[in-house]
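Keep in mind that the numbers below use all heavy atoms, side chains included, and drop hydrogens, waters and symmetry copies.
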Amino acid sequence: MRVLVTGVAGFIGMHCAQRLAARGDQVIGLDNLSPYYSVDLKRDRLKQLSIEFHELDIADAAGLARVFEKAKPEAVLHLAAQAGVRYSLENPAAYVETNLVGFANLLECCRRHPPGHLVFASSSSVYGNNPELPWSERQNVDHPVSLYAATKKSNELMAHVYSHLFGLHATGLRYFTVYGPWGRPDMSPMLFASAIMAGRPIPVFNHGDMQRDFTYVDDIVEGTLRVLDRPARYAVYNIGNHQPVRLLDYIAEMEAALGRKAQLDMKPMQPGDVKATYADTTALKDAVGFAPSTPLAEGLRRFAAWFKRYYGHA
């Protein structure tokens, strides 16, 4: 199967492309190598892959159309996005350009060259501050608390329109706090590990009174590819570990994985953050027979081994 993977130099993109290629699919990868975080890390991820690669911004409608015209993908895994809740407070234009304009370009390409299935990354952030836990796809998501979340909700609505009007088979995946080897430097595992190994204090927001549904990247890949292989006219699924972890317990597990103690710098809640995330994964399991379940201690152990090796702490 010919699979177009956007954001292929990203964290989830690299892992999905690696698994697709290993199982025999022909992978065509796109990425603009944005400097939002280390381009060297992105290039090192690409070195793990043997695929056809195009350095291209999805906001470039003409360039994206040329790739679709040539590749005629049988499936599209859309993972390119401007990520990060806090950065959306600083640079909202980047989110509009990539997550809205870029996604619209992608949908138009899928309209002209219909793949068997479009699977796209949404986010747990669409649930905002919904106090009803666990979060389920049946709940209302009309009250995001960050621009990033608003763009992801918009993606779900835009895909639904193209499914309704043009018959596009499209599925959105609401990812919950993904972590593991080759992770993003702006997310807590990398931030915390870097600070702990360097002996710097780590910021602990809301004075530690937070919970996250940490989801190991291998589970994310397994769930994503199972969904990709089962086209739906239109669907949205949570993909999380269904086991929220208190922030201070998470830090303790990180200390154990790294073999170092952390210095804690207690801080207030950050704008755009939510206190807790917790995925109801019933719908995903019913649809594809799988839901993430890797224990945090095991996932962090694997992450720590990679982190020490990659950053020279071994």
Side-chain angles (χ1 to χ4, degrees), residues 11-12 15 81 83-89 121-137 139 141 144-146 148-149 152 173-196 202-221 223-224 237-258 262 264-282 284 291-304 307:
F11 174 32
I12 299 174
H15 283 281
V85 168
R86 292 169 193 153
Y87 186 60
S88 67
L89 299 173
S122 186
S123 169
S124 63
S125 66
V126 301
Y127 290 104
N129 279 318
N130 187 341
E132 184 183 344
L133 299 171
W135 289 339
S136 131
E137 299 88 344
Q139 293 171 351
V141 290
V145 296
S146 70
Y148 170 69
K152 288 300 186 179
L173 295 176
R174 294 173 177 171
Y175 292 129
F176 280 69
T177 315
V178 187
Y179 74 99
W182 297 100
R184 282 185 10 224
D186 62 320
M187 294 188 71
S188 68
M190 293 274 275
L191 291 171
F192 286 10
S194 296
I196 291 170
I202 61 176
V204 181
F205 293 108
N206 205 34
H207 304 283
D209 186 16
M210 299 179 77
Q211 291 183 320
R212 287 292 181 269
D213 199 338
F214 294 98
T215 314
Y216 188 62
V217 67
D218 286 0
D219 284 346
I220 288 289
V221 173
T224 298
Y237 299 118
N238 290 336
I239 181 161
N241 216 46
H242 189 64
Q243 189 174 0
V245 176
R246 292 175 62 249
L247 180 54
L248 295 179
D249 293 338
Y250 162 64
I251 292 170
E253 292 286 6
M254 178 71 80
E255 290 173 329
L258 292 170
L264 307 185
D265 180 14
M266 297 298 185
K267 292 183 175 294
M269 181 74 95
Q270 290 287 285
D273 268 358
V274 298
K275 184 175 177 180
T277 67
Y278 182 4
D280 180 340
T281 54
T282 305
L284 177 71
S293 61
T294 299
L296 181 66
E298 174 61 20
L300 285 179
R301 184 188 64 78
R302 298 177 195 172
F303 163 76
F307 179 88

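Considering CZ of R174 and CG of L284, their distance stands at 12.5 Å, rounded to 0.5 Å. Atom CE of residue M266 and atom CG of residue L248 lie 5.0 Å apart, to the nearest 0.5 angstrom. For the atom pair CD1 (I220) and OG1 (T294), the distance works out to 10.0 Å, reported to the nearest 0.5 Å. Atoms CD and CG, on E255 and L300 in that order, are 11.5 Å from each other to the nearest 0.5 Å. For the atom pair CG (N238) and OG (S124), the distance works out to 8.5 Å, reported to the nearest 0.5 Å. E298 contributes atom CD, which lies 11.0 Å from atom CD of E253 (distance to the nearest 0.5 angstrom).
Qualifying side chain to side chain donor-acceptor pair (under 3.5 Å) partners for R212, counting only residues two or more places apart in sequence or in other chains: none. Remark: S125 pairs with S123, Y148, A149 by the side-chain contact (heavy atoms from CB on, under 4.5 Å) rule, at least two apart or across chains.
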Worksheet item: Should Q270 and V85 be marked as a side-chain contact (heavy atoms from CB on, under 4.5 Å) after you check the CA-CA gap, both sets of side-chain angles, and the distance that decides it?
Response: CA-CA 10 Å; Q270 290 287 285; V85 168; over 6 Å; no
**Message:** Could you walk me through whether L258 and F192 satisfy the side-chain contact (heavy atoms from CB on, under 4.5 Å) test, starting with their C-alpha distance in whole Å, then the side-chain angles of each, then the deciding distance to 0.1 Å, before giving a yes or no?
**Reply:** CA-CA 10 Å; L258 292 170; F192 286 10; over 6 Å; no
Between W182 and H15, is a side-chain contact (heavy atoms from CB on, under 4.5 Å) present by the stated rule, with each step listed?
CA-CA 9 Å; W182 297 100; H15 283 281; 4.0 Å; yes
For the pair W135 and L133, evaluate side-chain contact (heavy atoms from CB on, under 4.5 Å) and give the outcome as yes or no after the intermediate values. CA-CA 5 Å; W135 289 339; L133 299 171; 3.2 Å; yes
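Evaluated for a side chain to side chain contact (heavy atoms under 4.5 Å, CB included) with F214, the options S188, P295, P244 yield exactly one hit, S188.
A heavy-atom distance below 4.5 Å is found between the side chains of T215 and N241. Between Y175 and T224, some side-chain heavy-atom pair lies under the 4.5 Å cut-off. In this structure the side chain of Y179 never reaches within 4.5 angstrom of the side chain of M187, judged on heavy atoms. Using a 4.5 Å heavy-atom threshold, the side chains of F307 and P189 count as separate. A 4.5 Å side-chain heavy-atom check between F176 and Y127 finds at least one atom pair inside the cut-off. With a 4.5 Å cut-off on side-chain heavy atoms, D280 and Q139 do not count as touching.
P181 and Y216 get closest at one heavy-atom pair: CD-OH, 3.4 Å. What you find for D219 and I239 is that their closest heavy atoms are O-CD1, 4.4 Å. Taking every heavy atom of both residues into account, K152 and V126 meet most closely at CB-CG1, 3.9 Å. Pairing each heavy atom of A279 with each of G240, the nearest pair is CB-CA, 3.9 Å. Nearest heavy atom pair, residue D213 against residue Q243, reads OD1-N, 3.3 Å.
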What side-chain donor-acceptor pairs closer than 3.5 Å can you find for residues 202-209, not counting sequence neighbours?
from: N206; atom 1: ND2; to: D209; atom 2: O; distance (Å): 2.8
from: D209; atom 1: OD2; to: K275; atom 2: NZ; distance (Å): 3.1

